[in-house]
Amino acid sequence: MIVKEKKQDFLSYLEDTSNLKGKAKVLFIPEEEKEVSFILLQASQQRLPVTFSGAGTGTTGGRVPLEGAILSLERLNKIIDIDPKKKIVKAEAGVTLESLEKEVNKYALSFRALPTEPLAFLGGVISTSASGVRGFKYSSVRKYVQKIKVAFSNGEIVEIPRGKFFANKRKFDFTLGRLKFKFNLPTYTSPQIKSSAGYYVRDNVDLIDLFIGQEGTLGCILEAELSLQKAVPDYFDCLVFFDREESALNFVEEVKVLKERGSFYPCALEYFDRNSLDFLSEDYPSIPSGNCGVYLEQEINSSQEKSKVLDYWCSLIEKHSSLDKCWFAEDKKSKEKLSDFRHKLPQKINEFLRRHHQEKCATDIAVPPQHFREMYNFYEEKAKVSQINYVNFGHIGENHLHFNFLPKNSEESFKAKGYIWEFIRKAISLGGTVSAEHGIGKIKKPYLEIMYGKSYLKEMALLKKVFDPSCILGLDNIFPQELLFENKNS
Ligand SMILES: Cc1cc2nc3c(=O)[nH]c(=O)nc-3n(C[C@H](O)[C@H](O)[C@H](O)COP(=O)(O)OP(=O)(O)OC[C@H]3O[C@@H](n4cnc5c(N)ncnc54)[C@H](O)[C@@H]3O)c2cc1C
């Protein structure tokens with residue numbers, strides 16, 4: 001095991017892409033699960049807070065420690081098994097998504113729900129219940145996690161398979177290894193829409209689902225088994241440019257209807273507003289100026305299907321825009337180029353914020369489909385009066401955009417945060433979620449409190465204490481740590 005005690009040796013672990021800065025006494029990099037177990041047991045006995053660290057690509061400060069120890073999973077990075085028949089991969093928490101996909105591709109398999117950032121770790125994406133660019137078809141990673149191995153703060157290691165331990169309405173009563181559990185779940189119900197906001201709770205919930213999206217507060221994910229899909233034989237992707245936003249939104253609505261009808265539909269449906277494309281045009285000068293864009297990826301299962309699918313898309317694009325204004329990617333090189341393009345925007349935003357020493361000032365809001373336009377118009381209206389640069393982009397197929405302000409100084413940042421609050425309140429009034437995929441981490445806690453109210457946050461704190469009675473794991477993620485100690489005294 002590697003142990004680092006000098007701050008200058010672990011500076012990069014004190015931040016993530018939110019630009020929140022943290023502090024810690026020590027960094028542990030275990031190489032075996034029994035070392036994780038040992039660290040946690042010791043930490044529990046000493047009441048030393050422990051923050052789990054994945055790749056640090058998170059956007060909410062989840063892995064940023066505010067005190068105590070950091071436990072990085074980077075050395076637990078083996079792919080343990082790939083079962084091509086059952087289409088299951090078993091891997092350790094520190095495996096990157098990039099290497100996972102590369103390995104399973106060798107068996108003509110793919111993890112189609114793959115979140116966008118290739119350097120993220122498996123443990124990190126499960127802990128945030130992340131989603132990928134293909135979320136329109138494949139939704140979040142939650143659905144594909146079949147089993148996890150978890151180390152609790154008392155050092156016990158247990159396996160939690162999907163489909164074995166269910167709540168009876170809101171009551172759990174089960175035995176895991178040597179541990180007996182009997183407790184009531186919180187009384188709120190997690191939104192039906194795409195959401196990664198607090199513990200996933202509903203009647204009769206599967207135990208494994210409490211640990212997906214737990215943001216390092218209940219236990220350390222050591223290993224996971226994921227169900228995979230067959231690799232897709234062929235696909236094309238394209239970026240359609242629109243000179244009017246209204247045309248882009250109408251195009252998207254028609255595509256959503258395709259999905260509702262159950263006919264073929266793209267796996268990815270993503271939006272780039274005018275400002276996003278202008279921002280990217282520094283790197284891609286051939287982007288037509290003043291346009292917004294919709295990116296789609298269409299899987300093709302057979303050559304017969306190909307011409308039908310292409311004809312369909314050509315006519316739909318002609319209806320709302322023009323084929324001359326499309327970037328089509330059919331061969332490997334152009335597909336890679338388009339995929340890099342898609343990934344470039346969040347990277348550029350993060351670079352911009354780092355350059356200007358500003359924290360992330362963005363939304364991860366999703367709203368019910370019937371309210372998407374209202375939310376979109378609200379963004380536009382407020383952004384115009386703000387006079388702060390911004391980009392608005394993301395998973396439009398799931399009614400989920402990332403509105404990002406680009407503040408150049410702390411004055412703009414302060415102002416932008418006020419607008420973000422307005423967006424949050426609006427989304428909640430429409431039945432939306434304050435986090436659809438990035439989690440709450442440290443920086444979005446106040447939003448979660450508005451979404452659920454303090455009494456539900458207290459119930460979350462009680463749930464955490466069931467699995468982490470010494471209250472040392474992922475402190476200040478999801479809810480303020482004071483709630484843990486308030487409950488103790490009450
Ligand atoms: C360019 C870019 C694009 C992105 N695109 C997407 C996207 O499309 N969809 C999306 O959902 N996210 C996206 N993200 C955000 C980020 O990649 C995800 O949140 C990802 O899930 C974080 O994984 P990580 O390994 O970096 O975790 P970290 O940032 O290191 O940690 C995230 C949280 O998980 C906890 N954690 C980490 N490992 C464990 C473990 N083994 N056990 C228990 N808790 C653990 C941490 O304590 C922390 O709370 C993007 C980020 C970037 C920089």
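Please read these numbers as outputs of a predicted model, since none were measured by experiment. All ligand and atom numbering here is 1-based and tracks the order in the structure. Residues take their numbers from the sequence shown, with the count starting at 1.
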Trainee: Check contact between Gly219 and ligand 1, using heavy atoms of the residue and a distance below 4.0 angstrom.
Mentor: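 Judged by the 4.0 Å heavy-atom criterion, Gly219 does count as contacting ligand 1.
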Trainee: Distance to the ring centre below 6.0 angstrom and angle to the axis at most 45 degrees; does that hold for Lys335 and Tyr235?
Mentor: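 Output yes; distance and angle both within limits.
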Trainee: Would Pro346 count as being in polar contact with ligand 1, using the rule that some N or O on each side must be under 3.5 angstrom apart?
Mentor: no
Trainee: Please classify the Asn350 to ligand 1 contact at 4.0 Å (heavy-atom distances, strictly less than): side chain, backbone, both or neither.
Mentor: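 Side chain only.
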Trainee: Step by step, work out the ring pair (Phe, Tyr, Trp, His ring centres under 6.0 Å) result for Phe467 and Phe183.
Mentor: CA-CA 10 Å; Phe467 296 101; Phe183 60 93; 5.5 Å; yes
Trainee: With only distance considered, is Ile221 within less than 3.5 Å of ligand 1 through an N or O on each side?
Mentor: yes
Trainee: Given Pro65, Ser435, Ala93, Ser131, which one has a non-hydrogen atom that is nearest to atom 9 (N) of ligand 1?
Mentor: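 It is Ser131 whose heavy atom sits nearest to atom 9 (N) of ligand 1.
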Trainee: Could you work out, for atom 23 (O) of ligand 1, the closest of Thr57, Ile349, Leu218 by heavy-atom distance?
Mentor: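 Minimum heavy-atom distance to atom 23 (O) of ligand 1 goes to Thr57.
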Trainee: Short N/O distance, under 3.5 Å, between Gly56 and ligand 1?
Mentor: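 Yes; the residue has a nitrogen or oxygen that sits under 3.5 Å from a nitrogen or oxygen of the ligand.
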Trainee: Go through the structure and list residues passing ring pair (Phe, Tyr, Trp, His ring centres under 6.0 Å) with Phe136, not counting sequence neighbours.
Mentor: Tyr265
Trainee: Counting both backbone and side chain atoms, is some N or O of Thr128 under 3.5 Å from an N or O of ligand 1?
Mentor: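 In this structure, Thr128 places an N or O atom under 3.5 Å from an N or O of ligand 1.
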Trainee: Go through the structure and list residues passing ring pair (Phe, Tyr, Trp, His ring centres under 6.0 Å) with Phe111, not counting sequence neighbours.
Mentor: Tyr144
